[in-house]
There are 2 protein chains.
Amino acid sequence: MSSISLENITNCPVTATMSVIGGKWKILIIHLINNDINRFGKMSMMLKDISKQMLTTQLRELENDGIILRKIYAEIPPKVEYFLTDKGKALLPVTEAMRDWGNAFVLNEAKAVEA
Amino acid sequence: MSSISLENITNCPVTATMSVIGGKWKILIIHLINNDINRFGKMSMMLKDISKQMLTTQLRELENDGIILRKIYAEIPPKVEYFLTDKGKALLPVTEAMRDWGNAFVLNEAKAVEA
DNA sequence: AGTAATGGTCTGTTTTATCTGACTATATCA
DNA sequence: TGATATAGTCAGATAAAACAGACCATTACT
């Protein structure tokens with residue numbers, strides 16, 4: 001099941017997943033979209049340290065990997081919304097596990113120190 | 001619960017988690033240790049594209065963040081083993097979710113193409 | 001004496017990631 | 001006419017990540 005092939009790590013499913021959603025931004029973008037922050041401008045504001053170019057790149061890669069869907073409205077000024085595909089929604093257990101861990105081991109600790 | 005603070009993404013637990021286990025290697029290292037590949041040499045072989053220096057750096061950071069424990073045996077040649085702490089074990093839901101997704105959406109797809 | 005084994009460290013270099021700022025298109029409103 | 005809004009694109013610069021290869025210590029074995 002979860003065992004690692006000693007011969008060939010390229011068959012490791014964790015490695016495979018990392019190659020798709022690894023990097024600084026993708027997990028956060030998926031998390032944002034799942035929380036209805038699904039327009040370019042909003043995302044750009046939330047991820048305050050991301051450049052527009054990088055955001056575009058990440059969104060395109062997620063789209064090409066079938067994780068998000070890009071819906072263009074025929075309006076001026078342009079309106080584009082991003083949605084998770086089923087394949088993308090299947091990643092939510094990952095973000096949820098991260099959310100839980102962050103709450104338990106990082107944010108609560110910080111609060112404890114504050115108090 | 002899982003909602004995002006629009007004002008301040010630094011309070012986002014997913015972001016917090018990413019800041020600890022983000023990067024190319026840490027998730028994989030945690031996964032390896034959990035599969036009893038817990039010595040420097042073994043890890044180095046499994047992560048075939050990692051340099052020794054990078055592996056050292058990642059292990060030290062994980063240790064400093066309380067995610068792994070470094071056990072030194074008084075032997076020659078040196079023997080060191082790494083273990084997950086409770087805080088580290090609490091991250092296993094993340095690697096498990098990644099493993100499941102990788103199996104479902106990457107490795108199986110590859111097999112389907114092969115067949 | 002010479003070699004192997006383990007878990008590193010150190011310096012220098014390359015590769016990759018990411019940012020900055022200017023620029024584009026078009027309809028609407030003042 | 002000029003500003004505003006949105007979702008980008010593009011070239012060039014810079015910062016961060018990561019690697020390569022030499023080197024170290026100690027003991028056992030040949």
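Letters A, B, ... are given to chains in the order of the sequence lines, protein chains preceding strands, and every chain is numbered from 1.
Protein chain B contacts DNA chain D from D/dA18 to D/dT27, reading 5' to 3' and using non-hydrogen atoms of the protein with a distance under 4.0 Å.
A cation-pi contact links B/Lys79 to B/Tyr73, judged by a cut-off of 6.0 Å to the six-membered ring centre and 45° from its axis.
Nearest heavy atoms, B/Met98 versus A/Thr17: O-OG1, 2.7 Å.
The backbone N or O of B/Asn34 sits nowhere less than 3.5 Å from a side-chain atom of B/Asn38 that would complete a donor-acceptor pair. At distances below 3.5 Å, at least one donor-acceptor pair connects side-chain atoms of A/Trp101 with backbone N or O atoms of B/Lys87. The backbone N or O of B/Leu69 lies less than 3.5 Å from no partner atom in the side chain of B/Thr85, so there is not a single donor-acceptor pair.
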(request) Heavy atoms under 4.0 Å is the rule here; annotate nucleotides 11-30 of chain C 5' to 3' with B where the base is hit, S where only the sugar-phosphate is, and - elsewhere. (result) B------SBB-----BS---
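Considering only side-chain N and O atoms, B/Thr56 lies nowhere under 4.0 angstrom from the phosphate OP1 or OP2 of C/dG7. Side-chain nitrogen and oxygen atoms of B/Arg60 include at least one within less than 4.0 Å of the OP1 or OP2 phosphate oxygen of C/dT9.
As rounded to whole Å, 7 Å separates atom C1' of C/dT6 from atom CZ of B/Arg39.
Considering only heavy atoms from C-beta on, B/Leu62 stays 4.5 Å or farther from B/Tyr82 through its side chain.
A salt bridge links B/Lys26 to B/Glu61: one of the charged nitrogens lies within less than 4.0 Å of a carboxylate oxygen.
Counting any heavy atom pair closer than 4.0 Å across all strands shown, A/Tyr82 reaches sugar-phosphate atoms only and no base atom.
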(message) Show, in sequence, the C-alpha distance, side-chain angles and deciding distance for A/Thr95 and A/Ile27, and conclude whether the side-chain contact (heavy atoms from CB on, under 4.5 Å) test is met.
(response) CA-CA 7 Å; A/Thr95 65; A/Ile27 282 284; 4.2 Å; yes
